[in-house]
S.K.: 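Let me begin by handing over the structure; questions about it come next.
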Amino acid sequence: MLVEPRSGLLAAWGNALLAGLVSPDEAALAIVGEDAVHRVDGLPGEAGPVGLTLALGRLRGLGATGFRVALPVPGHPLGLSGPPDFNARALEAEEAVVAYGVPYGLVPEVTEAGPAGDLHVEVVWRVLPVREAPPADVPSLGEAERELAEALRDATAVLSRLDVAGSGPVAEAAMDAYRARAERGRDVLPPGYPPRAVRVLEMAQRVGLLVSVAYENGHGGAVSASEIAARGEALRPVERVARRAQVAAYNAYVEGGEVRR
């Protein structure tokens, strides 16, 4: 199952805040989630790290009109537009937020402390200059929805043939976990997002579940090297499509350069 990135929450709830649809406290609470604390470092006019509410207000004062998401991985700079330093940091974190209206982006640095099951997580968002240019490889919502349907159909056929589409206790547990999160997942996107964005994000989660089940079920019936390679070939493009869909859903709020109000 796809994990909803921190950058997605910051962009989505930051957009709702800029549009006046949620309060600063509501936005900050949703962005922090189960983490202990989030701070923002490197804002113009600030000598050190500040809290989320102050940071979002400062960015709005500087001219930010919206936020979009980047989810890059090696070989796929999804959502990035440069410069190289920002791209490198975003690639290391595998996520970032880019502001509209001001040439700044934010990359999370996550610190964990404590025993397993009781982790204390702190996040510092580093503010860095970004290039004002079209983001790399981001589809529209319509394109993402079509790609997800095709990827789900193709991957299911291949993985079923290899007997790893999802059976046994591991798969059942994953399905139960997904069902338990289904309703909560609807709350990932705040007020103001179009219904199609909610639908695309939920569909991306379902596709991510298929990939997760296939990986966690071990080799299943794919016992030969060629069958294992075939599974990998089936999963890689599916993962890519799911990440593209996530970005399309989060960025739907500012698609075309206009924030919905």
Side-chain angles (χ1 to χ4, degrees), residues 2-44 46 49-72 78-81 86-87 89-112 121-130 135 138 184-193 197-198 200-201 204-205 243 245-255 259-260:
L2 291 184
V3 174
E4 298 309 322
R6 292 179 172 88
S7 57
L9 295 175
L10 191 152
W13 288 89
N15 284 330
L17 174 62
L18 293 180
L21 298 174
V22 298
S23 71
D25 287 343
E26 285 178 302
L29 186 63
I31 294 167
V32 172
E34 297 180 358
D35 297 336
V37 65
H38 284 216
R39 297 184 180 87
V40 181
D41 192 24
L43 276 170
E46 298 293 339
V50 299
L52 274 174
T53 53
L54 192 155
L56 291 171
R58 173 75 66 176
L59 288 167
R60 176 167 52 189
L62 291 170
T65 58
F67 300 99
R68 61 176 171 82
V69 174
L71 297 179
L78 177 61
L80 296 178
S81 55
F86 179 77
N87 286 2
R89 289 172 180 256
L91 183 59
E92 182 178 359
E94 296 191 352
E95 61 176 306
V97 173
V98 179
Y100 271 87
V102 292
Y104 299 114
L106 301 91
V107 178
E109 295 180 2
V110 181
T111 303
E112 297 180 346
V121 180
E122 296 188 0
V123 179
V124 175
W125 294 90
R126 303 292 180 188
V127 178
L128 300 164
V130 295
V138 178
R184 185 170 66 87
R186 294 177 182 272
D187 297 329
V188 170
L189 294 179
Y193 270 81
V198 177
V200 165
L201 189 58
Q205 291 174 334
R243 284 189 302 104
Q246 277 186 301
V247 172
Y250 285 122
N251 292 2
Y253 211 73
V254 289
E255 190 175 42
V259 177
R260 301 172 186 265

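These figures come from a predicted structure and were not determined experimentally.
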S.K.: Which atom names give the shortest non-hydrogen contact between L9 and A30, and what distance separates them?
M.R.: CD1-O, 3.9 Å
S.K.: So which heavy atom on A64 is nearest to which on V102, and how close?
M.R.: N-CG1, 3.6 Å
S.K.: So P135 and V98, do their side chains get closer than 4.5 Å, heavy atoms only?
M.R.: no
S.K.: Which heavy atom of A197 sits nearest a heavy atom of A249, and at what distance?
M.R.: O-CB, 3.6 Å
S.K.: Please identify each residue that fulfils side-chain contact (heavy atoms from CB on, under 4.5 Å) with V107, with sequence neighbours left out.
M.R.: F86, R89, A90, A93, A96, L128
S.K.: Under the side-chain contact (heavy atoms from CB on, under 4.5 Å) test, which residues partner A245, sequence neighbours left out?
M.R.: A144, L148, V200, A204
S.K.: Taking all non-hydrogen atoms of both residues, which atom of P49 and which atom of D41 are closest, and how far apart?
M.R.: N-OD1, 3.5 Å
S.K.: My understanding is that only residues two or more places apart in sequence, or in another chain, count here; which of them pass salt bridge (charged side-chain N to carboxylate O under 4.0 Å, His left out) with E109?
M.R.: R126
S.K.: What pair of heavy atoms forms the shortest contact from A70 to L80, and how long is it?
M.R.: CB-CD2, 3.7 Å
S.K.: Given side-chain contact (heavy atoms from CB on, under 4.5 Å), test L18 with T65 step by step and report yes or no.
M.R.: CA-CA 7 Å; L18 293 180; T65 58; 5.7 Å; no
S.K.: Enumerate donor-acceptor pairs with a distance under 3.5 Å from any side-chain N or O in residues 50-63 to protein atoms, sequence neighbours excluded.
M.R.:
residue, atom, partner, partner atom, Å
R58, NE, E46, OE2, 3.3
R58, NH2, E46, OE2, 2.4

S.K.: Keeping to residues at least two apart or across chains, list the salt bridge (Lys or Arg N to Asp or Glu O under 4.0 Å) pairs with something in residues 6-17.
M.R.: R6-D35
S.K.: More than 12 heavy atoms of other residues, nucleotides or ligands under 6.0 Å from CD of E122: yes or no?
M.R.: yes
S.K.: Which atom names give the shortest non-hydrogen contact between V22 and A27, and what distance separates them?
M.R.: CG2-CB, 4.1 Å
S.K.: Using 0.5 Å steps for rounding, measure from the CG atom of L91 to the CG atom of L78.
M.R.: 11.5 Å
S.K.: For a 4.5 angstrom cut-off between non-hydrogen side-chain atoms, does N87 reach P72?
M.R.: no
S.K.: For a ring pair (Phe, Tyr, Trp, His ring centres under 6.0 Å) with Y253, tell me which candidate from F67, Y193, W13 qualifies.
M.R.: Y193
S.K.: Considering only residues two or more places apart or on different chains, which pairs with a residue in residues 10-26 satisfy salt bridge (Lys or Arg N to Asp or Glu O under 4.0 Å)?
M.R.: none
S.K.: Within the structure provided, determine whether Y104 and L43 are in side-chain contact (heavy-atom separation under 4.5 Å).
M.R.: no
S.K.: Could you give the distance from CD1 (I31) to CG (L10), rounded to the nearest 0.5 Å?
M.R.: 4.5 Å
S.K.: Could you go step by step and tell me if L201 and Y250 meet the side-chain contact (heavy atoms from CB on, under 4.5 Å) rule?
M.R.: CA-CA 8 Å; L201 189 58; Y250 285 122; 4.2 Å; yes
S.K.: Using modelled atom types only, decide if a donor and an acceptor are shared between the side chain of E95 and the backbone of P5 within a distance under 3.5 Å.
M.R.: no
